[in-house]
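Numbers here simply count residues along the sequence, with the first being 1. Side-chain atoms are counted along with the backbone in the values below, which use heavy atoms only and exclude waters and symmetry mates.
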Amino acid sequence: MGKRAAAEAAALLVEDGMRVGLGTGTTVAHLLPALAARHLSIRCVATSPETESRARALGLEVEAFSALERLDMAIDGADQVDPAGWLVKGGGGAHTREKIVAAAADRFVVIVSEEKLVEALSAPIPVELLSFGLRATLRHLGDARLRQRPLSPDGGLIADWHGEVGDPAALAGRLSAVPGVVDHGLFPPGMVETVIVGDGDGATRKVKF
């Protein structure tokens with residue numbers, strides 16, 4: 001109920017003529033039909049083949065991101081949101097694309113159910129890795145474990161880093177500095193405009209960052 005309420009509230013923020021980035025995951029699965037039901041003339045970019053396929057099936061126009069250099073809005077879910085606005089994303093393994101799309105958008109709107117709000121971020125933190133030199137990359141990362149799952153949308157291996165998060169900014173810098181890491185699932189507050197939180201009764205509230 002909370003996911004659906006947040007997704008439907010986010011769909012109402014989209015205006016005719018916008019260029020919209022579509023995230024990946026179970027919350028976005030609620031967004032797509034709500035957005036399609038509005039019958040707007042919008043151009044969309046999808047962060048995963050799954051989202052692209054679902055969006056097209058609902059009649060949404062999806063383009064390759066190479067056709068657009070900026071977006072008016074990106075809408076996506078999150079696995080964790082802390083009080084400062086830091087996010088953990090990547091449960092579905094598409095966090096690299098999701099971060100690129102979010103960074104290209106004038107507004108990044110995050111849609112979550114209330115249980116995704118946490119007092120402090122915790123592991124696991126998803127990371128996308130190159131296959132070249134994988135064992136060396138994992139050694140430098142420390143406590144990281146490969147997922148037994150398909151590759152990322154761009155062919156990267158997905159692992160989860162298990163350790164004490166502490167300062168998210170410091171950890172983000174540390175993970176980014178490891179050669180072989182394509183990107184990690186820590187999203188900084190400066191990337192986030194609004195978090196829409198849906199509760200079990202279907203009510204929503206907006207948190208601005």
Side-chain angles (χ1 to χ4, degrees), residues 3 21-29 45-51 65 74-105 108-193 195 197 207 209:
K3 291 181 179 181
L22 304 173
T24 297
T26 56
T27 309
V28 172
V45 169
T47 56
S48 68
E50 293 83 1
T51 295
F65 199 15
I75 306 172
D76 204 351
D79 302 313
Q80 300 178 51
V81 183
D82 82 0
W86 277 93
L87 313 178
V88 173
K89 291 179 50 54
H95 53 277
T96 299
R97 285 193 179 191
E98 291 168 345
K99 191 175 287 185
I100 293 169
V101 166
F108 179 34
V109 177
V110 178
I111 48 178
V112 295
S113 50
E114 58 185 350
E115 68 269 14
K116 302 297 186 180
L117 303 181
V118 298
E119 288 301 316
L121 302 184
S122 61
I125 306 297
V127 287
E128 181 174 347
L129 309 175
L130 294 175
S131 58
F132 180 81
L134 177 62
R135 293 181 67 180
T137 302
L138 290 170
R139 179 174 62 84
H140 284 297
L141 281 173
D143 191 7
R145 306 166 201 167
L146 284 176
R147 290 187 195 172
Q148 301 302 311
R149 57 152 290 132
L151 302 177
S152 79
D154 297 295
L157 296 163
I158 303 298
D160 290 298
W161 182 86
H162 294 266
E164 188 65 35
V165 173
D167 178 1
L171 178 58
R174 177 190 159 196
L175 295 176
S176 294
V178 175
V181 171
V182 179
D183 214 329
H184 53 76
L186 290 166
F187 284 52
M191 192 174 280
V192 181
E193 188 219 49
V195 176
V197 184
V207 183
F209 291 102

Between [atom1] of [X] and [atom2] of [Y], what distance do you get to the nearest 0.5 Å?
| X | Y | atom1 | atom2 | value |
| --- | --- | --- | --- | --- |
| I158 | L146 | CD1 | CG | 9.5 Å |
| F65 | I100 | CZ | CD1 | 7.5 Å |
| M191 | L87 | CE | CG | 9.0 Å |
| L121 | E164 | CG | CD | 11.0 Å |
| R145 | H162 | CZ | NE2 | 4.0 Å |
| L151 | L129 | CG | CG | 11.0 Å |

Least distance between heavy atoms, [X] atom then [Y] atom:
| X | Y | answer |
| --- | --- | --- |
| V88 | P126 | CG1-CD, 3.9 Å |
| A94 | T47 | CB-O, 3.9 Å |
| P153 | G93 | CD-O, 3.7 Å |
| V127 | D160 | CG2-N, 4.5 Å |
| E119 | P83 | O-CD, 3.4 Å |
| A74 | A105 | N-CB, 3.6 Å |

| request: Check step by step if side chain to side chain contact (heavy atoms under 4.5 Å, CB included) holds for F187 and V110. | output: CA-CA 11 Å; F187 284 52; V110 178; over 6 Å; no

Would you say [X] and [Y] make side-chain contact, with heavy atoms under 4.5 Å?
| X | Y | value |
| --- | --- | --- |
| I111 | K3 | no |
| W161 | P124 | no |
| V178 | T137 | yes |
| S122 | Q80 | yes |

| said: Going by side chain to side chain donor-acceptor pair (under 3.5 Å), name the pairs with one or both residues in residues 172-183, residues two or more places apart or in two chains. | reply: K99-D183, S176-H184

| said: For a side chain to side chain contact (heavy atoms under 4.5 Å, CB included) check, start with the C-alpha distance between L22 and V45, then their side-chain angles and the critical distance, and finish with the verdict. | reply: CA-CA 6 Å; L22 304 173; V45 169; over 6 Å; no

| task | Return each pair, listed once, that meets salt bridge (Lys or Arg N to Asp or Glu O under 4.0 Å) where at least one residue sits in residues 76-90; pairs must be two or more places apart or across chains. | result |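 For residues 76-90: D76-K89, K89-E98.
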
